[in-house]
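Everything below concerns the one structure shown next.
Throughout, numbering of the chain's residues begins at 1 and tracks the sequence.
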Amino acid sequence: GVPVDVPAALRFYQRAAAQGHMLAQCSLGQAHAHGLLGLRASSTEGVRWYTAAAEQGNAKAMWGLGVMHRDGVAGLQRSQREAIAWIRKGAELGCA
């Protein structure tokens with residue numbers, strides 16, 4: 001197989017996300033939110049990238065953003081209403 005190169009993978013995700021690729025944006029949201037791909041966990045960046053992907057219709061990002069609203073992270077006001085709205089949108093698109 002191909003050797004794993006996490007720093008290269010991160011660079012590719014970052015380039016694609018910056019160009020508006022919603023799957024890359026969602027992956028970066030997840031990586032930042034949970035400290036994956038060698039990144040230090042950052043709720044602020046997680047919200048940023050999840051929002052970008054969710055606004056383009058990514059169900060997984062909608063779910064992630066809903067959880068972040070539920071928890072009130074990264075300056076988001078803790079909001080059950082907002083959390084349920086995002087999670088419901090994601091579920092309607094198949095992420096449940």
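Hydrophobic side-chain contacts under 4.5 Å tie Phe12 to no other Ile, Leu, Val, Met, Phe, Trp or Tyr residue.
The line from NE2 of His34 to OG of Ser43 is 9.0 Å long, rounded to the nearest 0.5 Å. Rounding to the nearest 0.5 Å gives a distance of 7.5 Å between CG of Leu28 and CG of Leu37.
Taking Pro7 as the reference, Asp5, Arg11 meet the side-chain contact (heavy atoms from CB on, under 4.5 Å) condition, with sequence neighbours excluded.
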For residues 58-69, which side-chain N or O atoms pair as donor and acceptor with protein atoms under 3.5 Å away, sequence neighbours left out?
unit_1, atom_1, unit_2, atom_2, d
Asn58, OD1, Lys60, N, 3.2
Asn58, OD1, Ala61, N, 2.8
Lys60, NZ, Gln30, OE1, 3.4

Pairs of donor and acceptor atoms involving the side chains of residues 13-21, under 3.5 Å and at least two apart or interchain, shall be tabulated with distances.
unit_1, atom_1, unit_2, atom_2, d
His21, ND1, Leu23, N, 3.4
His21, ND1, Ala24, N, 3.2

Enumerate donor-acceptor pairs with a distance under 3.5 Å from any side-chain N or O in residues 82-96 to protein atoms, sequence neighbours excluded.
unit_1, atom_1, unit_2, atom_2, d
Glu82, OE2, Trp86, NE1, 3.2

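Counting only heavy atoms from C-beta outward, the side chains of Tyr50 and Cys26 approach each other to under 4.5 Å.
Of the possible polar contacts, none joining the Arg70 side chain to the Gln80 backbone as a donor-acceptor pair under 3.5 Å is found.
Side-chain heavy atoms closer than 4.5 Å link hydrophobic residues (I, L, V, M, F, W, Y) into clusters, and following such links, possibly through other members, connects Leu10 to Trp49.
Applying the salt bridge (charged side-chain N to carboxylate O under 4.0 Å, His left out) test to every pair with at least one member in residues 30-59, sequence neighbours left out, gives these pairs: Glu45-Arg48.
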